[in-house]
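Convention: sequence-line order gives letters A, B, ...; per-chain numbering from 1.
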Amino acid sequence: MSDQTDDTPAETDDQSPDSADNSGKRTAGFDAPHETSGQYLNHRLNAMRAGELGALPIIIGLIGIAIVFGMLEEQFLTARNFTNLLLQMAPISFLAIGVVFILLIADGEVVSIDLSVAFVAAVGGTVLVLLQRPNDPGWPWWACILAAIAVTTAIGLLHSLIITKLGIPSFITTLAGLLVWSGVVLMLTTQFSSAGTIRIQDDTLVGLASNFLPDWLGWSIGVAVVIVYAAAQLTRMRSRQQRGLNAKPLAIVLGQIVAVAAITLGAVSIANSDRGVPQVTVTLAVFLAFWTFIASKTAFGRHIYAVGGNDEAARRAGINVDGVRIAVFMVNGFMAGVGGIILVSRLRSVATNTGGGNLLLNVIAAAVIGGTSLFGGHGRVVSAFYGALVITSIQNGMDLLGMASGTKFVVTGIVLLLAVLIDSVSKRRRSARGLA
Amino acid sequence: MSENAAADGESLLSCRGASKAFGAVHALYKVDFDVRAGEVMALVGDNGAGKSTLIKGVVGIYPFDEGDIYFDGQRVKINNPRAAASLGIEVVYQDLALADNLDVVANMFLGREQVHNRVVLDELAMEHRSREVLESLSVTTLQSVRQVVAGLSGGQRQAVAVAKAIMWDSKLVILDEPTAALGVAQTRQVLDLLRRLADQGFGVVFISHNLHDIFEVADRVTVLRLGQQVGVIDRARATQQEVVELITAGELAYVPGMEESADQ
Ligand SMILES: Nc1ncnc2c1ncn2[C@@H]1O[C@H](COP(=O)(O)OP(=O)(O)OP(=O)(O)O)[C@@H](O)[C@H]1O
Ligand SMILES: [Mg+2]
């Protein structure tokens with residue numbers, strides 16, 4: 001009996017290579033290994049109709065913003081304003097990266113969110129500022145950074161334990177966190193300064209969000225980015241072709257490389273005609289690349305998407321769903337620390353109201369506007385960047401036009417609503433297709 | 001104990017005296033259940049008869065309170081789904097549990113992703129293997145293994161779930177009502193798939209309420225009633241009418257309440 005049971009599955013294994021050889025006959029139903037560019041574009045178009053919009057709404061939005069504000073205000077499309085924009089968008093971008101991860105693990109009915117992220121960032125910033133005060137205790141800049149990030153990551157862990165172990169929804173947990181951590185910022189800043197404002201004196205820490213790279217370095221980094229991107233795309237295409245798998249047509253790959261080169265080098269050239277590429281933009285690019293790698297190339301990233309797509313499926317597949325949730329909140333806490341450091345570095349100080357105002361709204365709006373679904377499982381890390389760019393451009397443009405705060409709030413709110421609308425329409429399309 | 005296993009040496013899986021209570025409810029009571037390699041064993045019974053509970057016991061989601069499990073002639077303890085998977089037992093649940101937002105390859109390897117250098121997903125190897133397995137099941141209606149699962153038909157989703165289950169050196173594949181939500185043509189596809197699995201040497205457990213489907217594909221039928229096993233019959237030597245009678249009025253060997261007090 002054991003002969004039979006032991007051998008048969010092995011037999012099917014042995015057959016597999018054969019069946020691969022036969023694939024000519026049998027794969028008739030699968031994708032043809034070599035598509036033409038036309039077929040490829042057609043596929044993409046169909047996917048868009050079915051709700052996989054990708055970066056399209058963002059590109060349209062950015063072009064619209066450039067046209068409208070460019071016509072209304074001549075300062076808007078200048079190199080000076082471009083570098084300003086890169087500086088202004090930095091804190092939102094870092095925080096939105098963490099929020100993208102949080103939104104990814106939403107489980108359909110209950111939205112997964114972090115309402116406390118702006119104040120957690122402020123706690124991190126406050127820790128940094130307190131530790132760098134000369135002789136009191138006057139920690140070196142890198143130790144201040146590590147301490148700030150450690151504190152915010154621990155806060156993320158705390159939130160996640162309350163959410164997973166006590167079963168309190170993230171919405172409520174982080175709403176409480178919003179109050180608690182804003183209180184902590186207030187207590188710390190007033191405790192250590194009668195004026196409620198503590199300045200950063202360490203030059204390295206101030207430079208994090210305000211330094212510019214020399215022109216040659218900006219160019220070198222820009223060129224390196226293009227080369228790495230091109231090499232990655234081409235090797236990917238080659239290795240897929242070698243394994244007989246469906247690969248993007250060469251014309252499309254080359255087109256994408258040219259587009260990336262044009263945008264990257266164009267941006268470097270504009271920035272260099274002003275003060276140069278901001279150091280913080282390169283830092284942001286490094287974090288975007290790192291977290292994109294984690295999200296799309298590792299098993300952990302895959303599990304995040306699985307938890308957001310169908311947590312029951314993830315659980316049955318042996319994935320530690322609570323473990324993934326905890327890790328994601330820690331990632332978010334980590335990025336809140338990084339964003340908080342950039343935030344206080346940009347302000348050159350921490351004050352009682354740091355982390356307040358519309359920072360939270362801007363961060364969540366950035367993640368959603370960038371294309372991350374509120375319903376979980378859909379979205380890319382880079383959407384944090386896209387969304388922050390859109391939100392910051394709009395606010396920057398309105399600032400240049402001298403619009404009142406009230407108007408700015410109303411416009412930002414409407415843009416957020418628009419993004420959520422696009423999200424739910426494409427979700428409906430996706431599920432309509434699912435049922436078809 | 002081992003004599004028991006010897007008593008049914010033919011079987012790939014044997015459950016002996018499996019019992020499971022949820023509070024006062026005896027979901028299963030002293031159930032014997034056997035599956036051979038290369039056969040389709042149908043598991044039938046009315047709603048609440050204990051079919052799903054029996055399966056959950058076998059795969060360690062709700063381990064049995066009492067009773068023994070033998071697999072490949074060895075007595076085994078299965079306390080969690082991982083243990084079942086490492087023995088080669090795979091389940092395809094009624095709701096399939098696929099992640100709609102991921103593509104076919106990602107779903108087939110979910111939780112068991114292949115990586116190189118310990119970190120980076122080996123997408124090429126996974127894609128290659130997925131295609132091989134789907135081809136070995138003669139599943140050719142899929143357009144692309146990089147298609148997101150949300151876009152698949154019910155039969156295609158079922159095929160992906162089955163392919164996922166047999167990919168891991170598995171020996172026993174359990175399907176909980178795989179045809180319940182399918183139309184005629186897709187049911188046909190799935191039944192053919194079950195038959196092919198058995199012919200390739202897998203043990204197959206097929207849970208269904210549809211006797212017509214069962215009589216088309218099963219070799220034997222185990223009938224549960226009120227948590228007890230009331231008969232195991234050979235498909236070739238029985239009629240649907242006899243099975244219906246067992247389901248609705250099969251004789252219970254134990255009266256649970258009385259047995260309980262007698263035990264104590
Ligand atoms: N987790 C649980 N907690 C309490 N009772 C349960 C649980 N799971 C199953 N039961 C009970 O055990 C009994 C058997 O249920 P089971 O789901 O195994 O039936 P089934 O044969 O699969 O029915 P169906 O055909 O409806 O799927 C039922 O009375 C059910 O209410
Ligand atoms: Mg059931």
* Any chance you could lay out the side-chain contact (heavy atoms from CB on, under 4.5 Å) test for A:Lys297 and B:Glu123, step after step, and finish with the verdict? => CA-CA 9 Å; A:Lys297 303 279 184 231; B:Glu123 295 285 1; over 6 Å; no
* To do: Before accepting this row, confirm whether a basic side-chain N of the pair B:Glu127/A:Arg243 lies closer than 4.0 Å to the acidic partner's carboxylate O.
  => no
* Criterion side-chain contact (heavy atoms from CB on, under 4.5 Å) on B:Val120 and A:Thr298, from CA distance to verdict -> CA-CA 5 Å; B:Val120 188; A:Thr298 68; over 6 Å; no
* **Proximal component of A:Ser296, with respect to chain B [non-hydrogen, under 4.5 Å]** => backbone
* Tell me, side chain or backbone of A:Phe300 under 4.5 Å from chain B's heavy atoms, or both, or neither? -> neither
* **Check: B:Asn101 side chain, A:Gly377 main-chain N or O, donor-acceptor pair, under 3.5 Å** => yes
* Asked: Quick one: of A:Ala314, A:Gly309, A:Ala313, A:Gly318, who has the most non-hydrogen atom pairs under 4.5 Å with chain B?
  -> A:Ala313
* **side-chain contact (heavy atoms from CB on, under 4.5 Å) assessment of B:Arg146 paired with A:Asn246** => CA-CA 9 Å; B:Arg146 284 299 177 187; A:Asn246 185 18; over 6 Å; no
* For B:Tyr62, check side chain to side chain contact (heavy atoms under 4.5 Å, CB included) against everything at least two apart and list the hits. => B:Lys20, B:Phe22, B:Lys56
* To do: Kindly check if the number of other-residue, nucleotide or ligand heavy atoms within 6.0 Å of CZ (A:Arg325) is above 12?
  => yes
* Is the CZ atom of A:Arg238 crowded by more than 12 outside heavy atoms at less than 6.0 Å? -> no
* **Derivation and outcome, side-chain contact (heavy atoms from CB on, under 4.5 Å), residues A:Ile319 and B:Leu110** => CA-CA 8 Å; A:Ile319 295 170; B:Leu110 193 58; 3.8 Å; yes
* Asked: Is it the side chain or the backbone of A:Arg316 that comes within 4.5 Å of chain B heavy atoms, both, or neither?
  -> side chain
